[in-house]
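Proteins get letters first, then strands, A, B, ... in listed order; numbering begins at 1 in each.
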Protein chains: 2
Amino acid sequence: MCGGSKEDTPIQGPLFARKFNTVDSFDTHADIPRYFKKMDSIGRKNKHVSIISAGWDPGIFSLERVLGDAFLPDNKSYTFWGPGVSQGHSDAARKVEGVIDARQYTLPLDNALIAVRNGETPDFSKREMHKRLVYVLVEEGADRKRIRKEIVEMPNYYAEYNTEVKFITKEEMLKSHSGLPHGGFVLTSGLTGKSKQILEYQCKLESNPDFTGSVLVACARAAFRLQQLGHNGAFTMLDIPPALFSPHSGDVLRSRFM
Amino acid sequence: MCGGSKEDTPIQGPLFARKFNTVDSFDTHADIPRYFKKMDSIGRKNKHVSIISAGWDPGIFSLERVLGDAFLPDNKSYTFWGPGVSQGHSDAARKVEGVIDARQYTLPLDNALIAVRNGETPDFSKREMHKRLVYVLVEEGADRKRIRKEIVEMPNYYAEYNTEVKFITKEEMLKSHSGLPHGGFVLTSGLTGKSKQILEYQCKLESNPDFTGSVLVACARAAFRLQQLGHNGAFTMLDIPPALFSPHSGDVLRSRFM
């Protein structure tokens, strides 16, 4: 299930978990604990496995945050997103009057990334970690000054960031901004004794939905195997032995991947 | 158990697994399948959990290789090591006549890393992925030309790489080369449909042994919990739900790390 987390998955998840093992990409971070409890109770009652909130964030990035925190005792963790298209922010810009289409790129700020990589452990504001770049196609004769102002000052979406707005043509929108690339970084910087240790995970995706779909397929392998092993209830990617995501057997993994 | 993989762990592992849950850093990659079987049978018989081959490679890097392969269907994977000190290669250089001390740095080659990051999927020779830099302290009056030649032509250790040898003083060795930094990269480059997707994991360690020790401690948490859950036998880091490495409860992980 890869529908919307607002109206689709909260209905479809509980419905299908009564009849099947399920995998979903529920990504409203704050609601995951509650959704987990609901899916867990339905799964246990009906002897099905439900893997929830799979994908890259939540999903792989969650996994990397947990591993970084588990391996480095005195740590600070940072998640950067981008460069890539945020669909929620693009939608928000599209709702401004006079806007026909918009594409928002989230960009991690190099200086912030470099500081963390160098072993510094700063406290960043949102503005210091990411900036936003919005390509906008407007109606003929639209008031560009007003549109720019409405976008950059939009609360929750843009006001807390430095935002650049670029007006482009329909052709340019179609030619250069049709894809949905995305990506990001999870960095954990920690100390073991006196030694600074830094773990960094990065994904660079030409297609965010393609990759998310691929992660969900790997989770489907795991869901089947978990049920075969006698498990039921809800799981996140944190609760699953990584070997169960793999198409290969334990023997192959030990001889070729260890 | 963090002794040597040649003579310590193969004896100590089976011995202690009869009496205790164990965690070890056995790192002879080719012997892992056989060692796993032995530890698995002892663990099952005595109802103990043995986590074998923990650390960063084998260990976390193995995990990242498996995840990259599981999530990207049509993939190619690369592991780069360094920049960092290889203790085995340093020991080998130390055995050359006239050498008092030696420190070998394994260096990943930037061009190779950049090619993979750019989405190319080349077939590299060993020489094309890494070079070796050896700092050597020699006896007074030693034949430096012969020593350099013996090092760079040493089979298995140096002959397959471009190796640079630098002669330094005792003071320089003590001042600049007392630490055991290490690190490396696991990259998986794959296709989902037509989209190129690249996953990269990196660790940058000021102290290799400190970090390995810290990973083994996280595994000790998992070993205890696995036994509490009724498991026994051998496990690699591929077989363990990541949440079990963490000091935090499932509730905390779902609300703060997902």
Which pair of non-hydrogen atoms, one from [X] and one from [Y], has the smallest distance, and what is that distance?
| X | Y | answer |
| --- | --- | --- |
| B:A70 | A:P247 | CA-CD, 4.2 Å |
| A:R65 | B:M258 | NH2-O, 2.9 Å |
| B:D239 | A:A243 | OD1-CB, 4.0 Å |
| A:Q197 | B:E206 | OE1-N, 3.1 Å |

Check whether [X] gets within reach of chain A through its side chain, its backbone, both or neither, counting any heavy atom under 4.5 Å.
| X | result |
| --- | --- |
| B:R221 | side chain |
| B:L67 | side chain |
| B:L63 | side chain |
| B:D27 | neither |
| B:Y201 | both |
| B:I60 | side chain |

Problem - Close side-chain approach of B:R254 to A:T236, heavy-atom, < 4.5 Å - result: yes
Exercise for the section: Heavy-atom distances under 4.5 Å only: say whether A:L205 touches chain B with side chain, backbone, both or neither. Expected result: both
Exercise for the section: Please state whether the side chain, the backbone, both or neither of A:F36 comes within less than 4.5 Å of a heavy atom of chain B. Expected result: side chain
Practice task
Report the relative orientation of the aromatic rings in B:F71 and A:F211; use parallel for angles under 30°, tilted for 30 to 60°, perpendicular for over 60°.
Solution key: perpendicular
Completion exercise
Output for pair (A:S195 OG, B:L180 CG), nearest 0.5 Å, gives 9.5 Å
Practice task
Using a cut-off of 6.0 Å, state whether more than 12 heavy atoms not belonging to A:F224 lie near its atom CZ.
Solution key: no
